[in-house]
Peer 1: 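Before anything else, here's the structure in question.
We're numbering straight along the sequence, starting at 1. Counting starts at 1 for both ligands and their atoms, in listed order. Side-chain atoms are counted along with the backbone in the values below, which use heavy atoms only and exclude waters and symmetry mates.
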Amino acid sequence: MRILHTADWHLGKIVNEFSMIEDQRYYLHQLIDTIKEMNVDVIIMAGDLYDRSLPPKEAVSLADEILTRMITELKVPVLAIAGNHDSNERLEFGSRLFTENQLYMEGTIKPTIRKVQIEQTNFYLVPFGDPIYIREVYQNPDIRTMEDVARYQVASIKKDMNPDECNILIGHSYVISGTADSVEASDSERPLSIGTAEYIPVEVFEDFDYVALGHLHKPQKVKKESIRYSGSILKYSKSECRHKKQVTLVDIDKNHLEITPLYIQPKRDMRTLRGAFDDLMKGTSNDYLFFELEDSGIIMDSMNRLRHRYPNAMGLEYVNHLEKQFTSLTHTQADLKKYSLPDLFKEFYSEHTNSLLDEQDDTIIYDAFSAAERNSK
Ligand SMILES: [Mn+2]
């Protein structure tokens, strides 16, 4: 059986005020075109279909568009679960009706874990849920942490699981091998629980032939080849610039497992560009860019000027400039005119807090001043 393992689509995601919707649309259509001839038997979406529990209408229509193409054009069943960014109840909408068309959407936590059998393979669909809520569903007061939840769910699956068959679990959780640094996290993942540990030891899942995980945005295995994250379809934060995003082709039967990454060219890449301002101003690109300026002085209105050459510039920082920016600067009246308001604010901020604005705050300040300037005209 050939499975396409995907996760973390995050439809409707906004990164540094840039909507990703066109990039997502482009990517997912490319993906469908690419797998057309690949004889995929099942498509998995292991949670975080949407970026928010109340997704914008563009995100809902994109999900509709893509899932419809997968089901009616590719004629491949789709197995999807809710992630921590999704609303369990909204994702459950229409689920019983969609099942007739081989769209298996598991949104809410139910007392019995849903099993879908396709050919000779069993898929167990385990949507993400908060332990406090799950404790109520399972009527089990001993469930406190994400690990308790996973242990309980796996035990209940194993009660009538046939170990001679091929058994695959689809989940959305933070699985680690020993310590938390055994896997690599990114800045666009939201913590799964507040106040309790979110990690689940990989050993909990050892009796499955494959575990298709969502949540961590970097594609990676956890201890074994057969327990893995496909990663998000696109880069969703600066921390992901170096990721090699993929979806994962899994050829599997009871005694055989083969993993093949599938790379789809995105509409725009996300990357960092380091250099001197004047040199950077000679280039141009439509990619999503985070600039690392090597200049020793603050460049006036640098972000605005870079955006003429790089319309999708997302952030900017001075990498060689930390010390100098902390030193107290005083300006004469005439001097002040040479600096933009955002730059003066940054200076003020550094002086008073002895730290630099991060790139996200930088964008907020920049946009606030631009808006104020527009309004005063
Ligand atoms: Mn996610």
Side-chain angles (χ1 to χ4, degrees), residues 4-16 18-21 23-25 27-28 31 43-56 58-60 62-63 66-67 78-92 105-109 125-131 146 149-150 169-176 180 183-194 197-200 205 211-222 227-248 261 264 266 270 288 360:
L4 179 75
H5 171 190
T6 78
D8 296 273
W9 294 8
H10 285 265
L11 302 183
K13 173 109 186 142
I14 293 169
V15 184
N16 286 33
F18 287 86
S19 164
M20 293 288 116
I21 197 87
D23 302 82
Q24 293 168 330
R25 173 170 285 113
Y27 181 95
L28 290 163
L31 173 64
I43 296 173
I44 290 174
M45 201 294 301
D48 288 353
L49 174 65
Y50 297 114
D51 188 56
R52 282 184 264 160
S53 61
L54 203 54
E58 297 79 14
V60 181
L62 180 55
I66 295 302
L67 294 170
V78 176
L79 306 174
I81 57 165
N84 60 314
H85 284 249
D86 297 307
S87 154
N88 295 84
E89 288 73 19
R90 290 193 185 94
L91 214 77
E92 185 83 7
M105 288 274 251
E106 194 66 352
T108 58
I109 310 289
L125 277 59
V126 187
F128 172 82
D130 188 272
M146 301 302 310
V149 170
L169 184 137
I170 306 172
H172 192 90
S173 49
Y174 201 143
V175 182
I176 61 169
V183 288
E184 195 180 315
S186 312
D187 290 342
S188 57
E189 296 142 11
R190 189 194 295 158
L192 295 179
S193 64
I194 306 295
E198 53 180 343
Y199 309 122
I200 301 171
F205 298 108
V211 182
L213 292 169
H215 179 55
L216 296 182
H217 287 183
K218 182 183 172 161
Q220 56 196 307
K221 62 172 188 180
V222 190
I227 303 177
R228 56 197 311 132
Y229 290 94
S230 64
S232 58
I233 54 170
L234 294 170
K235 300 173 181 178
Y236 289 135
S237 65
K238 189 186 176 192
S239 68
E240 293 160 68
C241 282
R242 272 195 289 264
H243 289 184
K244 224 168 168 242
K245 297 295 187 186
Q246 58 164 74
V247 288
T248 310
I264 306 287
M270 186 179 292
Y288 296 115
Q360 211 173 345

Peer 1: List for me each residue that meets ring pair (Phe, Tyr, Trp, His ring centres under 6.0 Å) alongside Tyr27, sequence neighbours excluded, and say none if there are none.
Peer 2: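 Per chain and number, Tyr27 pairs via ring pair (Phe, Tyr, Trp, His ring centres under 6.0 Å) with no residue.
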Peer 1: Are there any protein N/O/S atoms under 2.8 Å from the Mn ion (ligand 1), and if so, which?
Peer 2: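 Per the 2.8 Å query on the Mn ion (ligand 1), atoms found are Asp8 OD1, His10 NE2, Asp48 OD2, His217 NE2.
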Peer 1: Test of understanding: with ring pair (Phe, Tyr, Trp, His ring centres under 6.0 Å), list the residues that count as partners of Tyr236, not counting sequence neighbours.
Peer 2: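 In terms of ring pair (Phe, Tyr, Trp, His ring centres under 6.0 Å), with neighbours along the sequence ignored, Tyr236 is linked to His10.
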Peer 1: State which residues pass ring pair (Phe, Tyr, Trp, His ring centres under 6.0 Å) with Tyr288; sequence neighbours excluded, sorted by chain then number.
Peer 2: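 If we apply the ring pair (Phe, Tyr, Trp, His ring centres under 6.0 Å) test to Tyr288, skipping adjacent residues, the hits are Phe18.
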Peer 1: So with a 6.0 Å cut-off around CD of Gln246, is the heavy-atom count from everything else above 12?
Peer 2: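 Buried by this count: over 12 neighbours within 6.0 Å.
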Peer 1: Does Glu58 come within less than 4.0 Å of Arg25, counting only side-chain N to carboxylate O?
Peer 2: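 No, Glu58 and Arg25 are not salt-bridged.
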Peer 1: Can you tell me if Ser188 and Ser186 form a side-chain donor-acceptor pair at under 3.5 Å?
Peer 2: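 There is no such pair between these side chains.
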